[in-house]
Enquirer: 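The structure follows.
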Amino acid sequence: MVTVIEGAGTDDTRWRSWPTVGGWPALTVDPPGPPLVVAPHPDDEVLGVGGLLALLGDAEVVAVTDGEASHPGSTVHTQAELAALRREETAEALRRLGLGRTAVVHLGQPDGGIDEDALTAALTERLTPGRWCLATWRGDGHPDHESVGRAAAAACAATGARLLEYPIWTWHWAQPGDDRVPWDRARRLDLPSAARHAKEAAIQAFPSQIADLGPEPADAAILPPHVLARFRRPFEVVFA
Ligand SMILES: [Zn+2]
């Protein structure tokens, strides 16, 4: 199900005041080793589970695309420049999460056109029984995010790895109590302040996304403050 992502989306104050959120079971953080984190675009891993990564201090990140299509029609950067910029931003963000030596595998798939079979094969190669695999949720509403979720689910089913799906755009198009979302699978991770601060610093490592590239509408920030508010919460949510 691909949901249209438009407008300002659901204000984070509405999520914060939804009482159900406080009742979700805590995520037990006991991975058998460094998790595999799958990011459709550079920054998804930080927005979705940056606090968890800061807490663990170790992970292997699969950057599926370089996010070169974030600003179609940009008057400032070519797609090749954006891809290079976003790779550098990812490296800096992971360093700020305390994951300086983290292996980042850049698959270089096209932004907006993920090859799900190739991705499933790449993930299957890296997963082992019980290993945590963090991927965007299959129902997240963005085609690339859903492709990544489906590929990760297939790779986990084939290997016996443990799939944990993180929502990103769901917080935009869904409403509290929305029956399109598997809230019964939600697990909540309350972030200690050090992990919160590391996550905020990592978010700031993506100027190409959080600030305007220039004055033209095609160069506007992809992640303005009202969107970032959803990822500045003192907790993170995954679907188990
Ligand atoms: Zn994304």
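Start at 1 and go down the list; that is how both ligands and their atoms are numbered. Just so you know, these numbers use all the heavy atoms, side chains as well, and skip hydrogens, waters and symmetry mates.
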Enquirer: Provide the atom name of the closest N, O or S atom of Asp44 relative to the Zn ion (ligand 1).
Expert: OD2
Enquirer: Does the separation of the ring centres of Trp137 and Trp169 fall below 6.0 angstrom?
Expert: no
Enquirer: Measure from NZ or CZ of Arg14 to the centre of the six-membered ring of Trp171, then state whether that distance is under 6.0 Å and the direction lies within 45° of the axis.
Expert: no
Enquirer: Is Asp43 close enough that one of its N/O/S atoms sits under 2.8 Å from the Zn ion (ligand 1)?
Expert: no
Enquirer: What is the distance from atom CD of Glu92 to atom CG of Leu97, rounded to the nearest 0.5 Å?
Expert: 10.0 Å
Enquirer: For the Zn ion (ligand 1), decide whether His142 has an N, O or S atom at a distance under 2.8 Å.
Expert: no
Enquirer: Got a sec, which residues hit ring-ring contact (aromatic ring centres under 6.0 Å, His included) with His41, two or more places apart in sequence or on another chain?
Expert: His142, His145
Enquirer: How wide is the angle at the Zn ion (ligand 1) between NE2 in His145 and ND1 in His41, to the nearest 10°?
Expert: 110°
